**Student:** 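The structure's right below; bear with me while I get my questions together.
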Amino acid sequence: NDWRAHAMLGQALANQKEDALPALLRAHELAPDVDAVVKLIAAAHHTAGSRKDALAWYKKAVALAPRNFDTYMDLGALASAMNSTVPAPT
């Protein structure tokens, strides 16, 4: 029940273009406050073409780690691709 193992499996599956979401969601169940896992879930949704789901997960990642610049970049890139705007955090 180590969240790291599930996260690593999900990342490996994503690298192979496989469905990484089950492993990543299990990692999130085990460690809901780890922003890196949330960001991997967002990326997996984005890769699968589920932009709205990806946007929601990126917002969760920002909420967990508001000082993580890379997450803001990913969120902004996705919002731009969706012709959407994301409000600045307060």
Side-chain angles (χ1 to χ4, degrees):
N1 287 336
D2 184 3
W3 68 267
R4 288 173 193 86
H6 291 281
M8 289 174 62
L9 173 61
Q11 192 168 22
L13 289 170
N15 290 340
Q16 297 297 316
K17 304 295 187 217
E18 298 291 330
D19 185 10
L21 282 170
L24 294 172
L25 291 171
R26 180 65 181 140
H28 179 62
E29 286 175 17
L30 295 169
D33 296 331
V34 177
D35 67 299
V37 172
V38 174
K39 189 174 171 184
L40 287 170
I41 294 169
H45 277 294
H46 191 184
T47 299
S50 302
R51 290 180 169 179
K52 287 184 181 182
D53 290 330
L55 189 64
W57 282 97
Y58 276 126
K59 288 179 180 180
K60 290 178 186 181
V62 165
L64 287 171
R67 294 185 179 170
N68 186 331
F69 178 74
D70 290 336
T71 304
Y72 284 101
M73 294 295 293
D74 293 336
L75 178 59
L78 177 59
S80 178
M82 295 174 66
N83 293 321
S84 179
T85 58
V86 178
T90 54

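Quick caveat, the model's predicted, so the values are computed rather than measured.
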**Student:** Is there a donor-acceptor contact under 3.5 Å from the side chain of Tyr72 to the main chain of Pro66?
**Tutor:** yes
**Student:** Asn68 and Val62: side-chain contact (heavy atoms from CB on, under 4.5 Å), yes or no, with the steps?
**Tutor:** CA-CA 7 Å; Asn68 186 331; Val62 165; over 6 Å; no
**Student:** Could you report the tightest heavy-atom contact between Ala42 and Ala54, atom names first, then the distance?
**Tutor:** O-CB, 3.3 Å
**Student:** Do the non-hydrogen side-chain atoms of Leu64 and Asp33 ever get within less than 4.5 Å of each other?
**Tutor:** yes
**Student:** Can you tell me how far apart CZ (Arg26) and CG (Leu9) are? Round to the nearest 0.5 Å.
**Tutor:** 12.5 Å
**Student:** Locate the shortest heavy-atom distance separating Ala65 from Asp35; write the atom from each residue and the value.
**Tutor:** CB-OD2, 3.4 Å
**Student:** Just by distance, do the side chain of Ser80 and the backbone of Gly76 share a donor-acceptor pair under 3.5 Å?
**Tutor:** no
**Student:** Any heavy-atom pair between the side chains of His45 and Lys52 that's under 4.5 Å?
**Tutor:** no
**Student:** What is the distance from atom CG of Leu21 to atom CG of Leu40, rounded to the nearest 0.5 Å?
**Tutor:** 10.5 Å
**Student:** To the nearest 0.5 Å, what is the distance between NE2 on His28 and CG on Leu30?
**Tutor:** 10.5 Å
**Student:** What are the two closest heavy atoms between Gly10 and Ala20, and how far apart are they?
**Tutor:** O-CB, 3.0 Å
**Student:** Can you tell if the side chain of Asp70 reaches within under 4.5 Å of the side chain of Lys39, non-hydrogen atoms only?
**Tutor:** yes
**Student:** If you round to the nearest 0.5 Å, how far is NE2 of His46 from CG of Leu78?
**Tutor:** 5.0 Å
**Student:** Is it true that Met8 and Leu24 fall in one hydrophobic cluster, defined by side-chain heavy atoms closer than 4.5 Å?
**Tutor:** no
**Student:** For Leu25 and Trp57, work out which heavy atoms get closest and say how close.
**Tutor:** CD2-CZ2, 4.0 Å
**Student:** Considering non-hydrogen atoms only, spot the tightest contact between Val38 and Pro32 and give its length.
**Tutor:** CG2-O, 4.4 Å
